[in-house]
Visitor: 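Dumping the structure here so I can ask a few things about it.
Lettering of chains follows the sequences in order, A, B, ..., and the numbering in each one begins at 1.
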2 protein chains.
Amino acid sequence: MPHTLETGLEALRIVMNALVTFTDAEWADIASRWQYRYLPKGEHQIVPGQTEEYIYFIISGATRIYHITPKGEDVTLAFSYDNTFTGDYGSFLTRRKATFYNQAVSDCHMLRCNYKDITELHDRYQKMERWTRLGLEDLLVGMLVRQVEMLSAPAEERFARLLKQSPHCFQLYTQKHIASYLGIQPETLSRLKRRMASETQDARNVILSGAEGHKTQD
Amino acid sequence: MPHTLETGLEALRIVMNALVTFTDAEWADIASRWQYRYLPKGEHQIVPGQTEEYIYFIISGATRIYHITPKGEDVTLAFSYDNTFTGDYGSFLTRRKATFYNQAVSDCHMLRCNYKDITELHDRYQKMERWTRLGLEDLLVGMLVRQVEMLSAPAEERFARLLKQSPHCFQLYTQKHIASYLGIQPETLSRLKRRMASETQDARNVILSGAEGHKTQD
DNA sequence: ATCAAAACTTGATCTACATCAATGCGCAGC
DNA sequence: GCTGCGCATTGATGTAGATCAAGTTTTGAT
């Protein structure tokens, strides 16, 4: 079994070290507070009404954070996959009830750490506080970029940018979910795909490999 | 003159204390690093290409953070006013060149603190690190709410919500800027206003008082 | 392998909002 | 006080994307 607590912690340490370097002693304490967690495809990590108790680190797998509006519309807010964090941050941070769903779209091997432990780590290590601050800063900058895009760029451009920056998403997620992330209908995304495939090579590569898997010819 | 460094620091302390309580000694150190700054109406606090050196706290006045897209479109990202912070956080935090403008839309009395001082405070006081973390958390939660709205709610609903939650914005900012914040054209906002004024009392109060100042009747 | 349920595609319309254009209003500078 | 010039309003028209409605293909469970 390739995804154990130990291999997960190794991956986690590498990711966390990108922002702050922890000593072995510090790391031992931090690592001891994470536990392995398996979430099979289709299951929800959290649904609205619950309070988010954990922050998750995905060792392998993919989840989708989404929201159902009062009118029943499904809105995708974020994608999470290997070596990224997930969970309803808003609920976790504020201790209020979650407003988002977080669903595994493929079998997920994850690590998780609960609120109490995260809080203790924040109290005990200034570096941990800093790690969270730096992480939030990155998240914030990313959200600002996305906000500008949503306000100014037309659908085709938003699609093109996702295609360029996160082509793997087209393998991991369905068109429906990608469409709702882009703020358009699946039909519109389908038409965009065709139009762009006939125009740019880039689009063809990503779109076709996603749709046909390892098929080589017809 | 009502807006001095001292009165500003008092206001700042109250706002910062909402998240973390600082001792008098800590506060003395923190306060010593802020300086008074006046920015007259129309002037820019920062423009793209510069690196943001300061975080600003607005004692009184209002600014607008916006972005000009490659196609020349003006997109409003955020409004800042009395007792809120402003600046290009992205640039300040990452030390990369700013991509946003921040312009005073009325005479602004502010405090500011430079990057070096903020960094020293972060190094010196875990509480300061925590204050920033908690502030970023609040910001993040607010942005998530806005993101959901932009993706799912139609223009009329976004307008209604801004009207309800930040009615003062309709006094501080022009229709053009509010429209670009909502992701619509000024003409559309104008039509929305009229339609809603004929339907709800709420809309009438806010919109009319904004448009007509202290005029009482016609 | 078989079958049902999803997902994707494609076409025909519809609509919210953009765009273009003209007019009126309000405020800053002379 | 005039005088512009930017802002708001209003109308006419255009369009990107939504919606509705079949089809087809893919997936997954038995």
Side-chain angles (χ1 to χ4, degrees), chain A residues 40-43 64 69 71-76 103-107 149-160 169-198 203-204 206-215 218, chain B residues 40-43 64 69 71-76 103 105-107 150-160 170-198 203 206-215 218:
Chain A
K41 175 174 177 174
E43 303 264 302
R64 177 177 79 100
T69 69
K71 272 141 255 137
E73 208 183 343
D74 177 324
V75 182
T76 299
Q103 185 181 34
V105 301
S106 64
D107 290 346
E149 257 181 44
M150 293 306 301
L151 281 167
S152 63
E156 176 162 350
E157 227 167 290
R158 302 200 296 271
F159 168 63
C169 283
F170 290 85
Q171 264 72 266
L172 296 174
Y173 301 96
T174 64
Q175 307 280 7
K176 208 171 71 161
H177 296 154
I178 288 174
S180 97
Y181 178 79
L182 292 173
I184 57 179
Q185 295 307 114
E187 293 95 327
T188 303
L189 181 54
S190 178
R191 287 183 246 266
L192 276 180
K193 268 188 1 181
R194 189 158 57 121
R195 257 202 296 142
M196 295 190 61
S198 72
R204 235 163 302 153
V206 175
I207 295 162
L208 296 181
S209 72
E212 311 192 8
H214 48 285
K215 194 166 127 187
D218 181 12
Chain B
K41 175 174 177 174
E43 302 263 304
R64 176 177 78 99
T69 68
K71 271 141 255 138
E73 209 182 341
D74 177 323
V75 182
T76 298
Q103 184 182 34
V105 301
S106 64
D107 289 346
M150 293 307 300
L151 280 168
S152 63
E156 176 163 350
E157 227 167 288
R158 302 200 298 272
F159 168 63
F170 290 85
Q171 263 72 267
L172 296 174
Y173 301 96
T174 64
Q175 307 282 5
K176 210 172 68 161
H177 297 155
I178 289 175
S180 96
Y181 178 79
L182 293 172
I184 58 180
Q185 295 308 114
E187 293 95 327
T188 303
L189 181 54
S190 179
R191 287 183 246 267
L192 275 180
K193 268 188 2 181
R194 189 158 56 123
R195 257 201 297 142
M196 297 189 59
S198 72
V206 175
I207 295 162
L208 296 181
S209 72
E212 312 194 6
H214 48 284
K215 192 166 129 188
D218 179 14

Visitor: Are side-chain heavy atoms of D74(B) and R64(B) found at a separation under 4.5 Å?
Guide: yes
Visitor: Round to a whole Å and report the spacing from CD of E73(B) to P of dC17(C).
Guide: 16 Å
Visitor: Rounding to a whole Å, what distance do you find between D74(A):CG and dA6(C):P?
Guide: 15 Å
Visitor: What's the shortest heavy-atom distance between V75(B) and T69(B), and which atoms?
Guide: CG2-CG2, 3.9 Å
Visitor: Among dA8(D), dA7(C), dT10(C), find the nucleotide with the atom closest to the side chain of K176(A).
Guide: dA7(C)
Visitor: Please state whether the phosphate of dC8(C), meaning OP1 or OP2, lies under 4.0 angstrom from any side-chain nitrogen or oxygen of K193(A).
Guide: no
Visitor: Please give me the minimum heavy-atom distance between F159(B) and L192(B), naming the atom from each residue.
Guide: CB-CD1, 4.2 Å
Visitor: For E73(A) and L151(B), which heavy atoms make the closest approach, and how far apart are they?
Guide: OE2-O, 4.5 Å
Visitor: Mind listing the N/O atom pairs, protein and nucleotides 28-30 of chain D, below 3.5 Å?
Guide:
from    : atom 1 : to     : atom 2 : distance (Å)
dG28(D) : OP1    : K41(A) : NZ     : 3.0

Visitor: Quick check against the 3.5 Å criterion: does Q103(B) have a side-chain atom that pairs as donor or acceptor with the backbone of G42(B)?
Guide: yes
Visitor: To the nearest 0.5 Å, tell me how far I178(A) CD1 sits from R158(A) CZ.
Guide: 14.0 Å
Visitor: What donor-acceptor contacts under 3.5 angstrom involve side-chain atoms of residues 180-188 of chain B, with partners at least two apart or in another chain?
Guide:
from    : atom 1 : to      : atom 2 : distance (Å)
S180(B) : OG     : T76(B)  : N      : 2.9
S180(B) : OG     : T76(B)  : OG1    : 2.6
S180(B) : OG     : H177(B) : O      : 3.4

Visitor: Take atom CD of Q103(B) and atom P of dG6(D), then tell me their distance rounded to the nearest Å.
Guide: 14 Å
Visitor: Return the value, rounded to whole Å, for the distance between atom CD1 of I178(A) and atom P of dT9(C).
Guide: 11 Å
Visitor: Could you check how far CG of L182(B) sits from C1' of dC17(C), rounded to whole Å?
Guide: 13 Å
Visitor: Encode nucleotides 14-23 of chain D as B, S and - characters from 5' to 3', where the letter depends on protein heavy atoms closer than 4.0 Å: B to the base, S only to sugar-phosphate, - to neither.
Guide: ---SSBB---
Visitor: Of all the heavy-atom pairs spanning A160(B) and M196(B), show the shortest one and how long it is.
Guide: CB-CE, 3.9 Å
Visitor: Is any side-chain nitrogen or oxygen of R194(A) closer than 4.0 Å to OP1 or OP2 of dT9(C)?
Guide: no
Visitor: Where do A104(A) and P40(A) come nearest, in terms of heavy atoms and distance?
Guide: CB-O, 3.6 Å
